[in-house]
2 protein chains.
Amino acid sequence: MSTIYEVAALAGVSPATVSRVFNGLSVSSEKIRLVRDAAEVLKFTPNRTARRLRNQSSELIALLIPDIENPFFTALARGVEDRAQQSGYSVVLCNTDDDPDKETNYLDIAVSENMAGIILAPASADGDLAHVVSRGRPMVAVDRSTGFDIDAVMVDNRAAGIAATNALFDAGYSRVACIAGPVGIETTEERSLGWRQVVTRRGNPAGHDDYLQHANYRVDGGRAAMRTLLDLPTPPDAVVTTNNLMGVGALQILSEAGITPPEFGVAVVGDLPFTTLLPDAITQVHLPARHLGTTAASMLMERIAGDTQPARTIVLRASVTQGATPVPTAR
Amino acid sequence: MSTIYEVAALAGVSPATVSRVFNGLSVSSEKIRLVRDAAEVLKFTPNRTARRLRNQSSELIALLIPDIENPFFTALARGVEDRAQQSGYSVVLCNTDDDPDKETNYLDIAVSENMAGIILAPASADGDLAHVVSRGRPMVAVDRSTGFDIDAVMVDNRAAGIAATNALFDAGYSRVACIAGPVGIETTEERSLGWRQVVTRRGNPAGHDDYLQHANYRVDGGRAAMRTLLDLPTPPDAVVTTNNLMGVGALQILSEAGITPPEFGVAVVGDLPFTTLLPDAITQVHLPARHLGTTAASMLMERIAGDTQPARTIVLRASVTQGATPVPTAR
DNA sequence: AGACCGTAAGAAATCGGTTTCGTCAATACC
DNA sequence: GGTATTGACGAAACCGATTTCTTACGGTCT
């Protein structure tokens, strides 16, 4: 682990000059050569920790996501990484598990590690961001909003819920249920509001409050909710799930019950990852996960570069792939 | 961003004493109280960068994986994270895209960031690890081996390939093909060797070298290979895929061709993520991805703690879920 | 009482870069 | 030719914690 002092000694110059060479400041070509040669010999790599202590900032950005095993968030992470890499930044990925304590812990780390900026998919709406914001660290919220006045990139979740529900009615289904996530989570809540809006207008039969099921937003949650729906006295003939994993769970239950999608309508808000069978029969509202990531990263890069305009919120739209779903003649 | 000096001034003690309080060294209870109060008032958090520069090490470990969008690796990452968290370490996730240059870049960063250790799923067998190893940084290879004498955690890939192939023959299939990954990748290569071993013993018809297809190991690779297999003059009646994503691709093509699994045997080395339909008809050789992660992390923690025994290699076994797959009577 | 010991705590060195400040020499301008 | 200006570059301060070295003090042992 050679240091700048050793390089300086070998090259016969001062440490300051070595530093200048590596930062492209004005140095005579003569000494540049000497320093480069010495650095080559010693396999010198500048110590980022020391540099960071002095500069009070690093080329690292933190990305906090609730669930690293959800393909939506990995696609988002991919987007962030691609964009960050372009600007010479590396991404540190942290898994918060939707646990506010873990989130706070990672935020503290990001700040005390002097990271250049933070992209956060907030675990809850009332996380403790005051700490970070007051430190003036650039931060961008993604996917979910915060109670703070910071940059944000969102999806129009209401519209996504509306689109999914409309697609099912358009295909001819008439009793459209909804599997929504837990009550506290903004994204799935907005999407289920979209569902409700369409359903009251386009005519689910009245009195079916039980068509809205709340579940945890993982595969097992989708399974449980779908089971409940099928067991209702008057089961629905179609369902909207407000995220990808619950969609997987719902489809699993349908399959196990011997029901195949055109027979029962399924619309998923989010992309069904790695589907193996019959994807065409399903309506998907594609969320621009990767684009969400690149956009958030771009905003963050601007802030890091010193942009001080007031906080912006960018809203991206989802796009629909209508299931090629003729409703069965005998309903 | 208050510093230890400000805390010291407010508490009326020296910076050294503040440091001692925060590190649990002997200080009178009187001053401990003074310091804690002052720290409380100033919302003091020790600057990790400074601490790290001094200590030459941090509580951060780097995890380098080839593909963050592959559920196998995210499960592995989850395992690493869980174990690391227990010991108070945080995990930095880096995506190498199987690109040796990116890998080298991230390794350099890990070293010059003074990270405590590295867990690496190597992009290629001949990556440039000399750099890191010579620096004496603790490092553990996972999933794939390196040419270097370092700790490693692997799966018995040969046995996994054998198990998958045997399962298909046991179920009554007689022409078992194999979709393998690219030639350079150790894991899928070993698995396809397992396939070959069984096939030559249990009797694929001779002369079917074209039953072994190489493809990129992503979904589209599996799709392409499966198409090729179906178009053969004498197509196979079953297939082994040597990883999860190619399995997804193969199943997609079968589905699009109107062929459903019990009719055509499918065994996948790896877990099919988020399957929606008919999972029971498929043989899966479950790879202990998460366990791989926790094991690697445990080994790394031991090394970080100062363990200097010779390098070990731990080999984990895969477990089979035999597809409930009666071979169709009319073959 | 005097030598000895252990503990608490401050002063200062240290980690490895970056940056300011000042020096010196070379070029520019009148 | 003499003064102003510019540019290269070394010395030293600095970022914020940790740790060694020292000093001072209270108590113990002979």
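In the text below, chain A, chain B and the rest are named by the order of the sequence lines, each starting its count at 1.
- Atoms CG (A/Asn23) and C1' (C/dG17) sit 9 Å apart, rounded to a whole Å.
- Across all strands shown, B/Arg20 has heavy atoms under 4.0 Å from base atoms, whether or not it also approaches the sugar-phosphate.
- Counting only distance, with no hydrogens or angles, the side chain of A/Thr96 and the backbone of A/Leu64 share no donor-acceptor pair below 3.5 Å.
- OP1 and OP2 of C/dA9 both lie 4.0 Å or more from every side-chain N or O belonging to B/Thr17.
- B/Val27 comes within 4.0 angstrom of the backbone, heavy atoms only, and of no base.
- Taking atom CD of residue B/Glu59 and atom P of nucleotide D/dT18, one finds them 10 Å apart after rounding to whole Å.
- Residue B/Ser19 is classed as a base contact, given a heavy-atom separation below 4.0 Å to a base.
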Every protein N/O within reach of nucleotides 14-16 of chain C N/O, cut-off under 3.5 Å:
residue	atom	partner	partner atom	Å
C/dT14	O2	B/Arg54	NH1	2.7
C/dC15	O3'	B/Gln56	NE2	3.2
C/dG16	N2	A/Ala50	O	3.3

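- In terms of modelled atom types and a separation under 3.5 Å, the side chain of A/Asn105 and the main chain of A/Asp101 share no donor-acceptor contact.
- As a whole-Å value, the separation of A/Asn114 CG from D/dC14 P is 19 Å.
- The backbone N or O of B/Arg312 lies less than 3.5 Å from a partner atom in the side chain of B/Asp151, making a donor-acceptor pair.
- Formation of a donor-acceptor pair under 3.5 Å by the B/Thr17 side chain with backbone atoms of B/Val13 is not found in this model.
- In this entry the distance linking CZ of B/Arg48 with P of D/dA17 reads 12 Å, nearest Å.
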Candidate pair A/Glu186 and A/Arg144, rule salt bridge (Lys or Arg N to Asp or Glu O under 4.0 Å), full reasoning
CA-CA 7 Å; A/Glu186 175 192 8; A/Arg144 308 175 188 171; over 6 Å; no
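- Residue B/Ile150 holds its CD1 atom at 9.5 Å from CE of B/Met299, rounded to the nearest 0.5 Å.
- Taking only side-chain nitrogens and oxygens, A/Ser28 comes nearer than 4.0 Å to OP1 or OP2 of D/dC9.
- A side-chain donor-acceptor contact under 3.5 Å links B/Asn243 to the backbone of B/Leu245.
- With rounding to whole Å, B/Lys31 atom NZ is found 18 Å from C/dT7 atom P.
- Heavy-atom distances to DNA chain C give each of B/Ala16 and A/Thr45 a nearest nucleotide, and the one nearer the 5′ end belongs to B/Ala16.
- Atom CG in A/Leu25 sits about 13 Å away from atom P in D/dG7, given to the nearest Å.
- Residue-level contact check: B/Val18 touches neither bases nor backbone, having no heavy atom under 4.0 Å from any strand.
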